[in-house]
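Ligands are counted one by one from 1 in listed order, and the atoms in each one are counted from 1 as well.
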Amino acid sequence: MSLYTNRQWFYVKRPEGRVGAEHYELRETPMDEELAINEVLVEQRFISVDPYMRIQQAERNTYDLPHPLGIVQRAATVGQVLQSNSSQFKPGDWVLGYSGWQTLAKCHISELQKLDPELAPVSTALGVLGMPGRTAWFGLMEAGRPRAGDTLLVSGAAGAVGSLVAQFGKKAGCKVIGIAGGPAKCEYLINRLKLDGAVDYRAFSTTAALAQELERVTGGWDVYFDNVGGWITDAVMPLLKLRARAVICGAIAQYDGGLDQPDLGPRFLQHMLFKRATIQGILARDFTHRMEELRAAVGPWVKSGEVFLDETIVEGFDQLPEALNSLFEGANTGKLLVKV
Ligand SMILES: NC(=O)c1ccc[n+]([C@@H]2O[C@H](COP(=O)([O-])OP(=O)(O)OC[C@H]3O[C@@H](n4cnc5c(N)ncnc54)[C@H](OP(=O)(O)O)[C@@H]3O)[C@@H](O)[C@H]2O)c1
């Protein structure tokens, strides 16, 4: 008889528009605990929900193939070893993996990275010292090329990537303005993240009105770190300064349906010409081999508390689909995680 039961969220239906529980099926499967050589059984503690999951639910190819139907939702995970058939891992060890939305996973040790809870809270492997941190750091430093005195404008500024970009920008000596939804998030940007300004995009109903406010608050931007796309970016783009750099990181405003529509919006390329500006898309996976650099640069700030590590934790494995949906409602500040 099996000792363990695995609980798994299978991705079974492609959403049109918003994703929710109806696109998933929760299944319980007995887990045979036999381990092959160099295999370990991991019990997940934190499971990541990320906007890219919604991109991969689209039928068309993007930077990746669509997520297949009928398999466990793919996701990064942090868990603890329950049983081990490897001399390199012992029960209780904390590990980062990509095991998806399931409570248990048998993994070959090559699929896991051991975490040291003494160095940093283990959940940071899914945040500042993981994929979102890598995106923020390399996206800003390599594509944004911030200089002291630059004006850095960040959309999605209260989220996982945005809140880090904003803080890294302050460290680089930039004047940082964040765009976020709602007065509470703007208050958070000013008082928690100590930004120089904040704009609540939800207070504006037209691109022109938002652009006017952004111009008033920023006086134009040298670096724009774009996490959201859509009409917010339409309002931002013409406000670029000479030799400005636009970093295209995400377009969450277009993920729940918009990616399948033709791109609409003002033509901004003439502004790139007039201002000799650059625009660059960036992808976290292109920097996976440079995690040591990230840890060296950002690790000390994490340890000293100089970077504010924000997490929104949703309790309960059953909440995973709803937690994914909540990213599109703006329910989170910092990194959204589900605690199993
Ligand atoms: N290029 C890469 O390798 C890479 C890696 C990681 C993430 N990303 C992208 O970066 C962006 C942020 O990701 P994250 O993980 O840090 O998520 P996040 O910012 O923590 O969460 C998403 C946030 O997006 C905002 N949002 C949702 N719908 C919106 C809409 N229609 N218009 C404007 N804002 C909206 C919400 O904040 P408000 O309340 O402020 O609206 C929400 O809290 C996403 O676009 C993601 O795809 C890219």
Side-chain angles (χ1 to χ4, degrees), residues 17-19 48-58 62-64 75-76 126-128 130-140 142-144 153-168 177-189 193 195 198-205 207 210 224-236 246-259 261 265 279-288 290 294 309-314 323-338:
R18 207 48 84 71
V19 62
S48 194
V49 281
D50 295 274
Y52 75 80
M53 293 170 174
R54 184 65 191 83
I55 303 182
Q56 293 180 355
Q57 287 166 335
T62 50
Y63 54 83
D64 222 333
L126 300 172
V128 63
M131 184 277 281
R134 187 165 77 231
T135 309
W137 180 256
F138 291 108
L140 180 64
E142 303 257 318
L153 181 57
V154 186
S155 59
V161 173
S163 64
L164 294 171
V165 169
Q167 294 182 83
F168 297 157
I177 315 293
I179 306 173
K185 285 199 178 179
C186 287
E187 194 264 346
Y188 164 95
L189 295 181
L193 304 190
L195 304 196
V199 173
D200 170 10
Y201 71 86
R202 290 203 189 141
F204 301 89
S205 54
T207 308
L210 177 61
Y224 173 47
F225 197 102
D226 185 14
N227 283 310
V228 303
W231 71 285
I232 295 173
T233 295
D234 293 345
V236 166
V247 184
I248 307 303
C249 171
I252 192 167
Q254 296 165 248
Y255 294 168
D256 50 357
L259 287 180
Q261 310 294 327
I279 184 164
Q280 186 177 338
I282 57 112
L283 207 53
R285 65 177 62 173
D286 295 344
F287 301 99
T288 308
R290 293 175 63 183
L294 174 76
L309 302 181
D310 194 13
E311 290 171 344
T312 298
I313 307 273
V314 172
L324 177 58
N325 177 47
S326 80
L327 284 170
F328 296 84
E329 306 282 351
N332 63 307
T333 58
K335 177 68 188 122
L336 183 65
L337 294 173
V338 170

Ligand 1 versus Arg202, non-hydrogen atoms closer than 4.0 Å: side chain, backbone, both, neither? side chain

State whether the shortest distance between N or O atoms of Gly162 and N or O atoms of ligand 1 falls below 3.5 angstrom. no

Would you mind listing which atoms of ligand 1 come within a distance below 4.0 Å of any non-hydrogen atom of Ala251? 45 (O)

Interfacing atoms of ligand 1 (cut-off 4.0 Å, heavy-atom, Gly250): 9 (C), 45 (O)

Per-residue contact class, Lys185 against ligand 1 - non-hydrogen pairs under 4.0 Å: side chain

Atoms in ligand 1 flagged as close to Gly334, the criterion being non-hydrogen separation under 4.0 Å: 20 (O)

If you measure from CD1 on Ile282 to CZ on Phe225, what distance do you get to the nearest 0.5 Å? 4.5 Å

Applying side chain to side chain contact (heavy atoms under 4.5 Å, CB included), run through Asp256 and Val19 and close with a yes or a no. CA-CA 8 Å; Asp256 50 357; Val19 62; over 6 Å; no

Who's closest to atom 47 (O) of ligand 1 heavy-atom-wise, of Phe287, Tyr255, Tyr52? Tyr255

Is a side-chain N or O of Lys185 found less than 3.5 angstrom from the main chain of Gly330, in a donor-acceptor match? yes

Quick check against the 3.5 Å criterion: does Lys335 have a side-chain atom that pairs as donor or acceptor with the backbone of Val49? yes

I'd like to know if the side chain of Asp310 pairs up with that of Thr333 as donor and acceptor (distance under 3.5 Å, no hydrogens or angles considered). yes

Considering all heavy atoms of both residues, which atom of Phe287 and which atom of Arg134 are nearest to each other, and what is their separation? O-CD, 3.5 Å

Where's the contact between Val161 and ligand 1, heavy-atom distance under 4.0 Å: side chain, backbone, both or neither? both

Would you indicate which of Gly159, Ala284, Gly330, Gly281 comes nearest to atom 2 (C) of ligand 1 when only heavy atoms are counted? Ala284

Could you give me the CA-CA distance, side-chain angles and deciding distance for Asp226 and Thr233, then say whether side chain to side chain donor-acceptor pair (under 3.5 Å) is met? CA-CA 7 Å; Asp226 185 14; Thr233 295; 2.8 Å; yes

Is it the side chain (CB and beyond), the backbone, both or neither of Met131 that lies under 4.0 Å from ligand 1, heavy atoms counted? side chain

Could you pull out the closest heavy-atom pair between Leu189 and Ala180, with the gap in Å? CD1-CB, 4.0 Å

Judged by non-hydrogen atoms, does Pro132 sit under 4.0 Å from ligand 1? no

On a heavy-atom basis, I'd like to know which of Ile282, Ile252, Leu336 is closest to atom 24 (O) of ligand 1. Ile252

Pick whichever of Ile55, Asn227, Asn332, Asp310 has a heavy atom sitting closest to atom 11 (C) of ligand 1. Asn227

Is there at least one pair of N or O atoms, one from Tyr201 and one from ligand 1, spaced under 3.5 Å apart? yes

Between Gln167 and Ser163 (side chain of the first, backbone of the second, donor and acceptor by atom type, cut-off under 3.5 Å), is there such a pair? yes

So, is Ala180 polar-close to ligand 1, with some N/O to N/O distance under 3.5 Å? no

Using modelled atom types only, decide if a donor and an acceptor are shared between the side chain of Ser155 and the backbone of Ile179 within a distance under 3.5 Å. no

Checking contacts here: is it the side chain or the backbone of Ile179 that comes within 4.0 Å of ligand 1, counting heavy atoms only? Could be both or neither. neither

Write out the residue and atom name of the closest protein heavy atom to atom 5 (C) of ligand 1, then the distance separating them to 0.1 Å. Thr135 OG1, 3.2 Å

Is there a side-chain contact between Phe328 and Ile252, using heavy atoms and a 4.5 Å cut-off? yes

Judged by atom type as modelled, is there a donor-acceptor pair below 3.5 Å linking the side chain of Arg54 to the main-chain atoms of Leu327? no

Say whether Ala253, considering both its backbone and side-chain N or O atoms, lies within less than 3.5 Å of an N or O atom on ligand 1. no

What protein heavy atom sits nearest atom 23 (C) of ligand 1, and how far off is it? Leu327 O, 3.9 Å

Would Cys249 count as a contact of ligand 1 if the rule is a heavy atom under 4.0 Å away? yes

Nearest heavy-atom neighbours spanning Val199 and Phe204: CG1-CE1, 4.2 Å

Ranked by distance from atom 40 (O) of ligand 1, the top protein heavy atom is Gly181 N, 2.8 Å

Would you mind running through ligand 1 and noting each atom that sits below 4.0 Å from a heavy atom of Ile232? 33 (C)

Mark the output for Ser163 as yes if a heavy-atom distance to ligand 1 is under 4.0 Å, and as no if none is. no

Judged on heavy-atom distance to atom 46 (C) of ligand 1, which of Gly156, Ser155, Pro51, Ser48 sits nearest? Pro51

Quick one: does Asp50's side chain have a donor or acceptor within less than 3.5 Å of a partner on Tyr52's backbone? no

Using modelled atom types only, decide if a donor and an acceptor are shared between the side chain of Arg202 and the backbone of Gly182 within a distance under 3.5 Å. no

Please state which protein non-hydrogen atom is closest to atom 28 (N) of ligand 1 and give its distance, to 0.1 Å? Phe328 O, 3.7 Å

